[in-house]
Each structure stands twice: as structure tokens, then as C-alpha cells.
Amino acid sequence: MPGMSKPADEMKRPTGEANHRTDGAMLLKGADMVVEALRRERVDVIFGYPGGAVLPLYDALYECGIRHVLTRHEQGAIHAAEGYARVTGRPGVVIATSGPGATNLVTGLADAMMDSIPIVAITGQVAKTVIGTDAFQETSIIGISTPITKHNYQIRHASEIPKVFKEAFHIANSGRKGPVLIDIPKDVAGETALFSYDDPPQLPGYQPTVVPHQLQIRKLMSGLSRAKKPVILAGAGILHAGASAELVAFAERHRLPVVHTLLGLGGFPASHPLFLGMGGMHGSAAANKALHETDFLINLGARFDDRLTGKLEFFAPHATVAHVDIDPAEIGKNVSTQIPVVGDVREALLMMLAADVESPHADAWMNELLATKEQFPYWYVQEGTGIKPQRLIAEIARLTAGNAVVITDVGQHQMWTAQFFPFEVPDRWVTSGGLGTMGFGLPAAIGAYFGKPEQQVVAILGDAGFQMTQQELAVIGEMELPIKVVIVNNGALGMVRQWQELFHGERYSASLLEWQPDFIKLAEAYRIPATRVQEDDALTDVLTAFLAAPGPGFLECVVEPRENVFPMVAPGTGIHQMVGVKP
Amino acid sequence: MTPVLSVLVHNKPGVLNRITALFMRKGFNIQSLTVCITESPDVSRMTLVMSEMDEAALEQVMKQLHKQIDVLKVTDLTEAPMVSRELALIQVNSPIAQRATITSLIDPFRASIVDVGRDTVTVQVTGDAEKIEALISLLRPYGIRELARTGLTALPREASAVSELRRLNESQVLPI
């Protein structure tokens, strides 16, 4: 394994000017303070790209003991930080320079904001003396990033660094998690100030409610015990809160069916008999039936995204809705909610488990749902000699025994992976949900590897999205990261093509990639062993060898170009109006 | 309903931008916005008069404001007992011959003339939005040259004074 960094404690302390005082504070230069703050936060890897305004910071990072991964584009760096954060639950750290370096972070910040991924992004800024003069590589990243960060800071003096870093890590990784950006003017890095990291963050305007109100829990539980058609909708909040075990215990205690959102997958074991599958646009028939017909919906850490709910008037129209969320602004935002519960979903589940109430009498309902699940599984038709993308995913799942960390890009292959890869445990699934960022997958896989280097990492990417950030193959090649990259090549922007086929009269406007690079030569140019497979007969053998080989690997899998993702809730329709529930 | 919100925020650079950026992002519309310092130099008060909106939308506005790290407190003054004032400066045509009429017109509003020119006078008026609207419509026939309004600023009434008032009112109701 390419050497991981040492634990923070063993790392080299700053040399030179470090002037220790009896009160534990020390006199440091701004750049060294940043490094020291990262150490105190036990950051073990940074993804970044240097440039003029961060030269002093990079000088301090040189041989500091914290691993730095040089991506080939700042967008790659922030998606890598997201992948790292998603599988570890710890903030991903990214550094970029001022101007274009900072603006290249924008997509990743927006992505992390939508999917509640904890990120601390550090940007260089031109010196305070020239801010506002349109200096070289100056841009107002604070202005640009305000709507797409949980919070941001511009440091005006080195003395603010410890306080700002402490707050930034706290804000990023507590409450509803999210990205925090710290903008550091170049001259601040050279200023000297006292460094003390012991004071707890003082944030009177930021006090997330963690423990829910007992009264609301009681309302929820008494409503549940009267329900005839209860269902749990479990979102990524389960993963952020580390509440998988509690979710399983609660569902089993009261025999409740569980539906996951796209981002929640893995929170509840896919093979569990109470699991109905993913809900929403490409969810399972059973999951959507449950969400439509339920009379008591318990939302645990999901945000009622429109891709989940479909047309709102048909979403749980007969249900009493209970919604547990750490972000009160999500409760009642899209779906009117009778029982709001503000708090950490794990705390809520522990209180719900402690409540002594009768389980709902819902056996008939449960049996009906399980019959639907049985009757309408995800499907594809195996025909011809070509490879069905669904079978490719199912084979990857089978051959990795469902143990791999799986990263996808955005589009058809993402939906097929959500459908056909059974996620049994939390934090093995990395995908861009809310923002739907093409180009996310490859760099996120790099970050996921650094987060979980002991796990097999498989990046399942579309041929189009891959090409948006393909330069990050350089990181995999250079560091010989044992990441397995699978390109699901259908020669199109598959999901766009599918919508044009279904809703735009088969007018394939700008969605067919009739010309493509030689993917094999491309991967080989980055010195990554590459294979192509296009015959179904060969798939299993090729995949087996590919997944078993040590080191990096690249597999171009040419699949049926016209395959569509089904079942589907067409835009503007209700979740009970699914099309393509069976062949 | 045109909600009135009083928002206490950190008095720091960029906070106003955070609030307006939030409103733009969420598509909330503001009728007026005043920002001023408070008794504490670290804290500013924003008084927001929102455009017409229903209760659910207002709840979302308040929750989104609460999410801002620099927002310390959000109070909905719409239905609460409050003292609210706005100030307007109205420059109105006023030939010498009509000046007395205008003076008598503005008198019941406790408005005052703060600038006098050859052809115009500038009237200053303070009060709630309704009162200011009323004076503006009275002056309009004379020809308003220019108009500047501050937007509303407001404070909740002291709780004890409110309850005292209520007690007084209730005590005047005859028990039947």
C-alpha cells in the first residue's frame, strides 16, 4: 500500500520560530498556524493544488508530515475530499489557490452543501493590501461561495487562525454537516501571532439541537402504534449519525418496512426481509407503493427531495407524517409534517426504542408490500451477445461479495448501481445525489481510497462523466492506488438520451457520443493496466481477473447502448404512476 | 400577510450579504430592510418587512435565517405587540400661494417642514407605514418631486407593559 501518513501525534512539530510558552500557547507564523490547526484536528490527508497565493502555506506543508495529494484540477481535489468525508465521517480537507483555484472548487462546494458532506476548504487570497484592486488571480470567493457553503471566513489577521479553524471544523462536522470555506490572504500567512487551540468554539448563533424533545417522540410513538400502514423512509441522516444498528433494531422491534433514499443506501441492509428498496424516480415498485399508500410515514434523516417524492400531491397523501431531522428548516419544507422532531436521528431512535408502546397491527400491510416486492423486483432482459449494464453491476456486486466501497458518477450507471448493488453496511456507497455532479466519481474514488485504504475500491463511471475529470487518472497512476475503474460505456450521455427518447420524440440533441477517445490507450497513457470487454460471455472471467489483480485497474465495459433505467416515475407524475415495473 | 421580522445578527462585515444572498437563493422578496447597531456594539438589528406570504413560507424564512451562523435571534413581530416607525422625506411642489394649505394639511400628521425652497418644501413625517401612505396620497395632487423612505424599524413592546394593558382592558369588561 502506498504509505499512509503517520498518526497525527507522531508528526513533526513546526521547527524554527516555534516559541513555546508556559500557558501552552506558542508564537507561530500564520502558515505554520494553519498546519498546526490541521494537526490538532487530526487531519491525515489533504487534497489540493498549489498556486501563488498559497505558496507560503505550501511551504509550511512541505515535509510537515500530513500527506498531501496533488490532484490535477482543484475540482478533483474537492471531490476527493468529499469521497474521503463520505466514507470516514470526518471532514475532508482541500486547499486551492486564489482566483481560478478557488472558483474551481465551486462545483464541489455546491455538491457537498446539497449532500451534507463535511468539508473544510482553504483558499489562498491576494494580500490584504491589494484586496479590491482586481489584483492578479483575485476573486471574491467569499461572495461566490456564500450561497453554497454552510459558512465561510476570510481571515484578516493571523491571530484569528486558531479560532477560525476550530469553528470551521466544528461547523462542518456537527449539526447538519456541510462545507466551510476559509479564505486566507497571502500576507496573513507571514504574520506572527500566538497560537492556542484549547478554547472551545464560541458560536452563540449555532447551537444545533441534538437531543429531540421527549414530547415529540411520544407523539410519534403513539401515532405509530395506531397506524395500519406504517413505513420508514431512511435517508443519509442515518449514515451521518451512525444510526444503522438503531434503525435495524427499531424496524425489527415493530416490524416496519424500510425504504431508503438514494443517499441513504447501506444504512439498512439490502438483504433484510423488511427492506423494500430505494424509493423515488427509479426506486422499486414496492417502495413507491409504500410511500404512496402509507398512513404513517416516519422520515428519518431524509429531506423529501423532488426525485424521491415525485409530484407532491401523490406523495403519502393519506399519511400522518413524522419527520426526524437535525435541520429544522427541512421539516415542513416540501411535505407538510404533523409530527416534527428536531434532533440527531440516532438520539431519536434510541428514545423511540426506549418507548414502551404497542407495535402497530400492520401484518396485512407488510404482507402486501412483501408480495409487491416479490412480484416486481428490479429487472432487465438478457438477450443477444452484448453486455447488459445491469448485469455488469450485479456481477461486480457478486464478485466483491458486496464488500467493496462503490463510487459512481451521475446518470444511468448510477441508478443501475443503486438498484443492482446490494449495500449491506453503511459508508461503502459514494455518489453525488442532490447536485447530480457529472465528473464526481473518479476523484471521489481517490478520496474514498484514502479514507478506507483497507477496502477494495470500485469506481463505476459513465463514459461521459468520466471524461469530465479523467485527468485524475494521473493520481491513480502516479501513486499506484489500487482503485478499480469501470467505465460503463454506452456511447452516450445515457440519462439525457433516455429522457430524449421518452419525452422528446427520440430527438437525440447533443447526447450521443459518436466519437470517443480510445479509452484503453488513455488509461495506458497514465500507466494503468486497461482491458476492454464487450461480449457477455467474457464478462465474468474478465471481471474476476480485473477485480483480483493487485494495484490500479481500468476496465472499459461496452454495454448495450439503448438500455434504459426502469422502473421510472416520469417527471410531473406521482410515485404510484410508475412505468416499466416489469419487462 | 406582510410579515415583520426583527433579526439580531453579529455586527461583522459580510453579514448583510449573507442575509440578502439567502433571500435571493430562496426566492424570498423583501419590501423593506433596515440595519442598525444596537445597545451592544457587536450586534446589529435588521428589521425586515417581507412581501405578502403565507404562514408556511414565513416559517421557512425564519428557519433559514436561524440556520445562518451569524444570526443570533429571529423574532416575528407581525402579530406581536410592537412599536414600529418609519421616516419619510417628501419634497413637494409648493408655490408661495399654496404653502399655507400644505402646512395645514401636514399638521394633523405631526409632520414638519425641514427644508424650504422657492418652489418646493420638504416634509418630514414619522409613523407607521399606513400613516405615511396617507400623507403621501394627500400630498400627491400638489406634485411630489422626490420621495425617500427609510423602511420600517421596530421593537417588541415590553412584555410587562403589554400584560398590564391587557389586564386593564379585561378589567373594564363587565362580568355578566
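Chain letters run A, B, ... following the sequence lines, proteins first, then strands; residues in each count from 1.
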Checking heavy atoms, do the side chain of [X], its backbone, both or neither come under 4.5 Å from chain A?
X: B:H10; value: side chain
X: B:Q68; value: backbone
X: B:A56; value: neither
X: B:R25; value: side chain
X: B:L22; value: neither

Donor-acceptor pair, side chain of [X] and main chain of [Y], under 3.5 angstrom:
X: A:Q216; Y: A:P340; value: yes
X: B:T47; Y: B:S6; value: no
X: B:T34; Y: B:G151; value: no
X: A:T133; Y: A:V130; value: yes
X: A:E138; Y: A:G132; value: yes

Margin query: Applying side-chain contact (heavy atoms from CB on, under 4.5 Å), can you list everything that pairs with A:L215, at least two apart in sequence or on another chain?
Written below: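 Testing A:L215 for side-chain contact (heavy atoms from CB on, under 4.5 Å), a comparison that skips the adjacent residues, returns A:H213, A:R218.
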Problem set entry | side-chain contact (heavy atoms from CB on, under 4.5 Å) partners for A:V210, two or more places apart |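 Result, side-chain contact (heavy atoms from CB on, under 4.5 Å) vs A:V210: A:D344, A:E347.
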If you apply the rule side-chain hydrogen bond (donor to acceptor under 3.5 Å, both in side chains), what do you find for A:D111 with A:T437, and how did you get there?
CA-CA 7 Å; A:D111 190 271; A:T437 305; 2.6 Å; yes
key: Residue-level contacts of residues 143-168 of chain A with chain B, using a heavy-atom cutoff under 4.5 Å   =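 Against chain B, the residues of residues 143-168 of chain A that fall inside the cut-off (heavy atoms, under 4.5 Å) are A:G143, A:T146, A:P147, A:K150, A:H151, A:N152.
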Problem - Members of residues 320-334 of chain A whose heavy atoms come closer than 4.5 Å to chain B - result: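 Counting heavy atoms that sit under 4.5 Å from chain B, the residues of residues 320-334 of chain A involved are A:D327, A:P328, A:A329, A:I331, A:K333.
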So do B:I136 and B:I132 actually touch side chain to side chain, heavy atoms under 4.5 Å?
->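 Of all side-chain heavy-atom pairs linking B:I136 with B:I132, at least one is under 4.5 Å.
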For residues A:Y206 and A:S174, is any side-chain donor paired with an opposing acceptor at under 3.5 Å?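 Yes - a donor-acceptor pair under 3.5 Å links their side chains.
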Salt-bridge present (B:E39, B:R45; N to O < 4.0 Å):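 Salt bridge: no.
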Of all the heavy-atom pairs spanning A:T139 and A:Q125, show the shortest one and how long it is.
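Here A:T139 and A:Q125 meet closest at O-NE2, 3.0 Å.
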